[in-house]
Each structure stands twice: as C-alpha cells, then as structure tokens.
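Taking it in order: structure first as structure tokens, then the write-up.
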Amino acid sequence: MKAAAIIGGGVIGGGWAARFLLNGWDVRVFDPDPEAERKINEVLANARRSLPGLSDAPLPEEGRLTFHADMAGAVAGADWIQESVPERLEIKHKVFAELQAACDPGAVIGSSTSGFKPSELQEGATRPGQIVVTHPFNPVYLLPLIELVTTPVNDATLVARASETLTELGMYPLHVKKEIDAHIADRFLEAVWREALWLVKDGIATTEEIDEAIRMGFGIRWAQMGLFETYRVAGGEAGMKHFMAQFGPCLKWPWTKLMDVPEFTDELVDLIADQSDAQSGAHSIRELERIRDNNLVAMMRALKGQDWGAGALLNKQDARLRAGGPLTGGVDQIGDLSQPILTLSRAVPLDWTDYNGHMNEAKYLEAFAASTDRFMELIGCDADYIATGGSYFTAETHIRHLAEVHAGARIAVRTQMLVGEGKKLHLFHSMYEGDQLLATGESFMLHVDLKTRRPSPPAPEIEAAMQRIRFAQSGMPYPEGAGLSIRRPG
Ligand SMILES: NC(=O)c1ccc[n+]([C@@H]2O[C@H](COP(=O)([O-])OP(=O)(O)OC[C@H]3O[C@@H](n4cnc5c(N)ncnc54)[C@H](O)[C@@H]3O)[C@@H](O)[C@H]2O)c1
C-alpha cells in the first residue's frame, strides 16, 4: 500500500488527504493544530459523498488515515509528501528542513504553494531536487488541475513519477517548466479579481451582479473550452487570425484597469463584505460547499457524456480503473460461475440522489441496466457482436426497493441467470451495499435480429456461454423476490 504524508491539514491539506485516501493510499497527517483532525474529517465527509461518484468504474478500497504527533513519524517511509502549511516562505523552509531529515530521499515532496516559485522553495534545502510545486485548486478532492512546477535541479525521473502519481489520482498534472510567481491559473484569477474590485469600488456593479456576469455566460463557456478555443469559435470560419484582427485593437481602448490595483481601504473591504453577506449570507459555508460540490459533480459528469475536457479525463481514469478488473472480459475470466456474478461495482454519484437525500428510483433502473449490459458482454453480446446485427431487447423489468442508499455509498450488483436459452434471457440482479441487500431488479430480454427487429436465436457462442452459466448456476435456489409483481388491491 502506498503512503502519503500530509504536512499541514487545513483546507488544502484536508483536500489532498481525501484525494489520496479515496484512491486507496494510506494517509499520515501532521498538523500541530489540535482541531486538525476534526477539520480533516469534515473535508473527508464532503469528499466521500462527492468524489467516488465521479467514477463509473470499480474503485480501490479506501486507505488508512492516521494522525501523527511529530513530523518525522508522518514522513518516514512515505512515497509522497504534500506540504500545505501557511503561505509564508520561512515556515515552508523550516518544514522542508525538518521533513528532509526524516523522509525517504526518493519520495516526491510537493508544495501546494499558490505563489512561490519552486526555486524559492528549494533555496537552502538539503536535497533541493526532491522539491516540486504541485499547486492544486479547491476543492482538491474534485478539481483535477495540478500545476506541476519544476526547476532544472529536479531530476527528470522524479518529475515523471510525480506526474504519473497525480494522473493515477485522477488529476491533471500541467507541467509548468518555466517558473513564474503564482504559476499560470492564479495569474488569471488575480487579473479578474483586480478588475472586479474596481467595478465594485467604482459602483459599477455589486458582488452579485459580477457573479451573475460570470456564471450566466463566459464561466460556463470557460469550463469546457477555456479561452483560446472559445475565441477560435468566436472567430467563425475565418479563424483565429480574423478574431485577433477584429478584437486586437480593443486592447488599446480604455476597457481595462488591469495595471492598477484599487487601494484596499477598510471602506472597500466593508463594501464588498456587506454586499457578499446580502448576496450569500443566507447559506452557511458548509451549505455553500455542498452546493458547490453538487454543481461541480453534475457539470463534470455531463462533460463525461461529451468525452470532453475534465469529462474526457474522468473517462480515461475509469478506463484505467476498469482495466483487467472483475468487470472486464468474458465467461472464461470469471472464476466461480456457480454463484451470482458481479456485474456492477461503483459508488452512488451525487447527481443520482434526489430531494429525499437518497438514490432516485430511475437510477436503480440505470444501475440494473448497466448490470444487464455487463452480463450481455460477458456472454459475448458485446459491441463487436452487436455490429454484426444481433442484440438483446428488454421486454419486461421489475424492481423492488428494499433499503435506502446515499451519495458516495459503494454498491455492487450480483446477477443470477434464471433463463438463458434460445432467444430468452431472464436475469435477476441483487444490489448490495456491503452485506445489505438494497434492491433487486429482474429483467426479461429477447434476442433480436437488428435488421428485421424481430426475435431470433443468438449466435452459437452466446448459446454456449449461456449454457455454461446455466449448468454452473443450476444448483442455486430460485430467488425469493423473483417472479413477483405489484398485487391488485383487495
Ligand atoms: N486556500 C486555497 O484556496 C488554496 C488553493 C491552492 C493552494 N493553496 C496553498 O495551500 C497552502 C495552505 O493553504 P490553506 O488554505 O490550506 O491554509 P490553512 O490555513 O487552511 O491551513 C494551513 C494548515 O497548516 C497548519 N500548520 C501551520 N504550521 C505548520 C507546521 N509547521 N507544520 C505542519 N502544519 C502546520 C495549520 O495548523 C493549518 O491547519 C498555502 O501554501 C496556500 O497558498 C491554497
């Protein structure tokens, strides 16, 4: 089991702890604040309900979380050390000196610093080549971007290993090879922040109007195409050169005050704080975090459907998680066919839950449909087979809801084949969280010729696979919940 040491467990360190832990790493925290354990557990609770459900694939078991009274105990033997202490260079230098005295010289030391260049962090270090910037974005457990900033003293193999680890954690390491204060993304945010301060100070817009100007328009656009791709589209068929020619001259217009910063007077701070209270004060910070996480998960899952941007990254991560796992391959890969076969293993996504706080009934059907698809693939009715003109169509489904299940819960579906002969396929799915039976789903399907759209016998290899399962499962009792329907009243 790989281990990560988290040095400084505040907002950002807590997010890193969750990211590692939920991806199967052991996590060892050092933070002198007596409140650190409580704070990390709060971040973890948010992460558990949101992060696992970003994935549509089986997940690794959660790692083990431990808290350590001294830094040496936390870093000894760790493969990755993530420093997230306050943004003060002298504190960071002191922390590096202390942890380098105790850590494995081959471990990656990543700093979450928002502003310092890696060369500044490396100054005076025992082994400067071990220290890189790995700058995350809040919430670290959901947002994939990590600015991996390095200097020439960093060994190429260590940088490659850092990049690989971040990718395995479902993140997107953006390697910034030429260091600059505040890296890349925060420089944009700083520019936008400065302009927003002017707009409020000059009474042009309130905090709420500025937020609406972002989230009703370009904010949505940026989340999927960024800046340059968005502008390329805006240039139309004439392309990027045309776009630049059209809008380039505006840069000389008095549109922007980006070079100046408004004076940060008490008056300006009060004005912004009061407007922000009026705008968002009705929600607690915890509520706002939950709203934010719900929205982020919903948007990223929508992008998965388009296989684009952050969604494409999530799809790649799912493919990695599935590779060689229990939900791939055919009948030959299943060790024991005499028991119900695992056909789904995943976490409940946030956007599968409803106003009652539990999984929406439509999503049970979605989960069972995924199990049916997996069963079809298992017997040889995969995409290649369907392309030859045969498939199964569902004729009837019956779902029983037996217990509640919430966002983030890890669910598994096991499938018994009740009939699998000729054109008929009758499956009985049981959904569990741990040992608890949550629901059952029964579906009856017919093999269909995709040209005539009429029932037809499946290919002999499918018949043979069904026969193997039929033979292996013949000793199993008929499930108690099978063959039921909703009774007529009276
Ligand atoms: N907050 C953000 O949005 C954000 C985003 C990206 C990066 N960062 C960077 O992450 C780092 C941490 O920021 P944060 O927002 O989590 O701050 P924070 O104040 O929430 O957390 C800092 C934690 O470090 C602990 N700490 C202090 N001295 C320590 C020491 N010597 N050893 C171990 N722990 C110590 C504190 O007790 C605290 O829990 C900063 O470098 C910051 O620039 C912050």
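This is a predicted model, so every value here is computed, not measured. Start at 1 and go down the list; that is how both ligands and their atoms are numbered.
- Between Glu87 and ligand 1, a contact under 3.5 Å exists for at least one N or O pair.
- Judged purely by atom type and a 3.5 angstrom limit, Gln279 uses its side chain to pair as donor or acceptor with the backbone of Glu208.
- Annotation for Met244: atom CE does not count as buried by contact number, only 12 or fewer foreign heavy atoms lying within 6.0 Å.
- Ring-plane geometry between His401 and Tyr364 is classed as perpendicular, the angle between the planes exceeding 60 degrees on a 0 to 90 degree scale with a lower cut at 30.
- Using a 4.0 Å cut-off between heavy atoms, Lys94 makes no contact with ligand 1 at all.
- Atom 10 (O) of ligand 1 has as its closest protein heavy atom Ser112 CB, 3.6 Å.
- At least one N or O atom of Lys92 sits closer than 3.5 Å to an N or O atom of ligand 1.
- Within 6.0 Å of the CD atom in Glu212, the count of heavy atoms belonging to other residues, nucleotides or ligands exceeds 12.
- Note on ligand 1: Pro86 sits in its first shell, one or more heavy atoms being nearer than 4.0 Å.
- Below 4.0 Å from some heavy atom of Val95 lie the following atoms of ligand 1, by number and element: 31 (N).
- Backbone and side-chain nitrogen or oxygen atoms of Ser114 are examined, and one is located within less than 3.5 angstrom of a nitrogen or oxygen of ligand 1.
- Protein heavy atom in closest approach to atom 11 (C) of ligand 1: Val85 O, 3.4 Å.
- Looking at Tyr141, Trp25, Trp80 one by one, the single match for side-chain contact (heavy atoms from CB on, under 4.5 Å) with Leu169 turns out to be Trp25.
- In this structure, atom 2 (C) of ligand 1 lies nearest to the protein heavy atom Ile12 CD1, 3.7 Å.
- Although no hydrogens or angles enter the test, the distance criterion places no donor-acceptor pair under 3.5 Å between the side chain of Glu83 and the main chain of Phe96.
- When non-hydrogen atoms are compared, ligand 1 lies under 4.0 Å from neither the backbone nor the side chain of Phe137.
- When non-hydrogen atoms are compared, ligand 1 lies under 4.0 Å from neither the backbone nor the side chain of Lys39.
- Side chain of Asp26 to main chain of Lys2: no donor-acceptor pair is present (N/O by atom type, distance under 3.5 Å, no hydrogens or angles).
- For the pair Met71 and ligand 1, the shortest N or O to N or O distance does not fall below 3.5 Å.
- When hydrogens are left out, the protein atom nearest atom 23 (C) of ligand 1 is Asp31 OD2, 3.7 Å; that is the closest non-hydrogen contact.
- For atom 31 (N) of ligand 1, the nearest protein heavy atom is under 4.0 Å away.
- Looking at every heavy atom in both residues, Leu22 comes nearest to Arg410 through O-NH2, 4.0 Å.
- Between the side chains of His358 and Glu404, at least one donor N or O sits under 3.5 Å from an acceptor N or O.
- Among Pro139, Gly115, Pro32, the residue whose heavy atom lies nearest to atom 33 (C) of ligand 1 is Pro32.
- Checked by atom type, the side-chain pair Thr150/His175 shows a donor-acceptor distance below 3.5 Å.
- Atom 20 (O) of ligand 1 lies below 4.0 Å from at least one non-hydrogen atom of the protein.
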